[in-house]
2 protein chains.
Amino acid sequence: MTPNQPGQQPKVPIAGVKNLIAVGSGKGGVGKTTVAVNLSIALSRLGYKVGLMDADVYGPNVPLMMGINRTPMAYGERIQPLDQYGVKLMSMGFLNPGDKPLVWRGPMLHSVIQQFLRGVDWGDLDYLLIDLPPGTGDVQLSLAQRAPLAGAVIVSTPQDLSLIDARRAIAMFEKTAVPVLGLVENMSAFACPHCGEITPIFGHGGARAAANAGGIPFLGEVPLMPLIRETSDEGRPVVATRPDSPEAKAFMSLAPALLAQLARGRRAAPQIIQD
Amino acid sequence: MTPNQPGQQPKVPIAGVKNLIAVGSGKGGVGKTTVAVNLSIALSRLGYKVGLMDADVYGPNVPLMMGINRTPMAYGERIQPLDQYGVKLMSMGFLNPGDKPLVWRGPMLHSVIQQFLRGVDWGDLDYLLIDLPPGTGDVQLSLAQRAPLAGAVIVSTPQDLSLIDARRAIAMFEKTAVPVLGLVENMSAFACPHCGEITPIFGHGGARAAANAGGIPFLGEVPLMPLIRETSDEGRPVVATRPDSPEAKAFMSLAPALLAQLARGRRAAPQIIQD
């Protein structure tokens, strides 16, 4: 848990949840949900108890990517999360299936996010990942200010345009005293499956360079490969269904990098030591 | 201009602006701004007077892609748009340069968008394109309800996930009686520059199929090519700086397809005919 910052409202912990981690991005379409889904499964495969909360109420993609869409049960006032590939799940997509437009006004948005955080029976979890909406809007700011976040992971492509927006997201978390646990480069260089030639369609290495320049940890890169898109579209995440593929291994290697940063953050946190 | 719909507030025209066209997407990162920028320049190259208003206040990418970032002048109460590659421009990025996070609460957002629409000295324009934020949030809904839109263009990749979100955006415009002028497939099949082999990284043909299935016009497809990303990142849009490239021609061909749909919409609009 992050210690409460001076001058801020105390952040009430979520009972049973040890580490609440936001997965954000400066802009959409960079693969934030793909990273959140596969990173959740990667953590679960390492033996941890993991949940994934889809806070992207405008475009909830977790149900499709996880290949599950059922209305959750409620016992009393607690909503039961769904369970898929070893990860507990909650998404607005479960409550409003189909392609109806989700047009939320601010206050409705805040209450649904709070419901998802505190009204869902998450049980005991080592890690609860939150798939944020892209950007630095109301929902992201409220979560950064109010939720007891252990930190945030930022996803970007190597492209300049994506990195400029990623910096905005990083600045938002820093301003609200949420530790940035690291940057992930997604859609990294593409290798032609026919000839092997590498084409940096969205560039390559830009996120690592930006992380170094900004003093942010770099968690790893995930290549731009059709298998990732295909398994995402099919609801069969690559880490769960093709764990031996190079694509899955790229996601798997993000997990220990993230855990190392979390451990580092805990060591760095101010403590009262009693001898 | 769209005729006012029964039961709606009358939509006040913007003086001098003949056609107000929204460019939207169900999700971010699909190349909405790249399409808006290159389509604006394409229309300008056809001899029309064109403006582009960047309504993506959270991640305003127009300044970078257009390679211009200066603080606009104001005469009296009217802000003067910038001018680049023959297109008049306004963006939040001109007013708040750098990588500071833009955290807007709803009401501030609405007033800045209204300012951009009505407080900017657009002059006489045949087409004013609005680069919407991705998704179906507050800003998009307000614009769809209140701005005198001639119609909306929706950008999607061929990927299922992008198309599901595109359908939400289409539904939002249809619900608010804004004609959907057509769907653009961006990041269509990738051809390896080394061996020529085509890899459908994000798929191919999905948007055309979705348009046909939904009774929406299909405006064309733009290939996933590094030249487009490079010229976008450099602020030298491909239609302006490499007009003879196949990439530029893909964007150029969107313009007549759009104009045909606009003309069709006008013919279909109810008219009082006096002999």
Side-chain angles (χ1 to χ4, degrees), chain A residues 25-34 56 58-59 61 64-65 99-106 109 133-138 140-141 157 159-162 164-173 175 190 192-203 224-226 229-230 232-234, chain B residues 25-34 56 58-59 61 64-65 99-106 109 133-138 140-141 157 159-162 164-173 175 190 192-203 224-226 229-230 232-234:
Chain A
S25 68
K27 63 183 267 128
V30 299
K32 175 181 50 56
T33 304
T34 306
D56 192 349
Y58 291 120
N61 291 145
L64 191 101
M65 280 199 202
D99 54 6
K100 281 173 286 177
L102 285 170
V103 183
W104 296 85
R105 299 290 183 175
L109 214 54
T136 53
D138 265 18
Q140 299 87 320
L141 181 66
T157 74
Q159 187 177 9
D160 289 354
L161 272 167
S162 172
I164 287 172
D165 291 347
R167 274 184 214 111
R168 282 204 193 94
I170 289 166
M172 182 191 73
F173 284 113
K175 211 170 171 179
F190 169 79
C192 175
H194 184 65
C195 69
E197 181 85 1
I198 287 174
T199 304
I201 299 182
F202 294 108
L224 177 62
M225 296 300 287
R229 191 262 310 163
E230 287 158 15
S232 292
D233 274 356
E234 289 165 2
Chain B
S25 69
K27 64 183 265 126
V30 300
K32 174 182 49 58
T33 304
T34 306
D56 192 348
Y58 291 120
N61 291 145
L64 191 101
M65 280 198 201
D99 53 8
K100 282 173 285 177
L102 285 169
V103 182
W104 297 84
R105 298 291 181 174
L109 213 55
T136 53
D138 265 17
Q140 300 86 321
L141 182 66
T157 73
Q159 187 178 9
D160 288 355
L161 272 167
S162 172
I164 287 172
D165 291 347
R167 274 183 213 114
R168 282 204 194 94
I170 290 166
M172 182 191 73
F173 284 114
K175 211 169 171 179
F190 169 79
C192 176
H194 184 65
C195 69
E197 181 84 2
I198 287 174
T199 305
I201 299 182
F202 294 108
L224 178 62
M225 295 301 286
R229 191 263 310 165
E230 287 159 16
S232 292
D233 274 356
E234 289 166 2

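Chain naming here is simple, since letters A, B, ... match the order of the sequence lines and numbering starts at 1 in each.
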For this session: Under the side-chain contact (heavy atoms from CB on, under 4.5 Å) rule, what do A/Phe202 and B/Asp233 come out as? Steps first, then yes or no, please.
Result: CA-CA 10 Å; A/Phe202 294 108; B/Asp233 274 356; over 6 Å; no
Problem set entry | chain A contact via B/Leu64 - side chain, backbone, both or neither, heavy atoms under 4.5 Å | side chain
Exercise. Is the shortest heavy-atom distance from the side chain of B/Pro134 to the side chain of A/Pro134 under 4.5 Å?
Worked result: no
For this session: Identify the two heavy atoms, one from A/Ser232 and one from B/Leu161, that lie closest to each other, and give their separation to 0.1 Å.
Result: CB-CD1, 4.4 Å
For this session: Evaluate the side-chain contact (heavy atoms from CB on, under 4.5 Å) criterion for residues A/Ile201 and B/Ile201: first the C-alpha distance (whole Å), next the side-chain angles of each, then the deciding distance (0.1 Å), finally the verdict.
Result: CA-CA 11 Å; A/Ile201 299 182; B/Ile201 299 182; 3.4 Å; yes
Seminar exercise, completed: When rounded to the nearest 0.5 Å, the distance separating NZ of A/Lys27 from OG1 of B/Thr33 is 6.0 Å
For this session: Enter the distance from B/Arg229:CZ to A/Asp160:CG here, rounded to the nearest 0.5 Å.
Result: 7.5 Å
For this session: Answer whether the closest heavy-atom distance between the side chains of B/Ile164 and A/Asn61 falls below 4.5 Å.
Result: no
For this session: Write down the atom of A/Glu197, the atom of B/Cys192, and the distance for their closest heavy-atom approach.
Result: CB-SG, 4.2 Å
Exercise. Yes or no on side-chain contact (heavy atoms from CB on, under 4.5 Å) for B/Thr199 and A/His194, after CA distance, side-chain angles and deciding distance?
Worked result: CA-CA 9 Å; B/Thr199 305; A/His194 184 65; over 6 Å; no
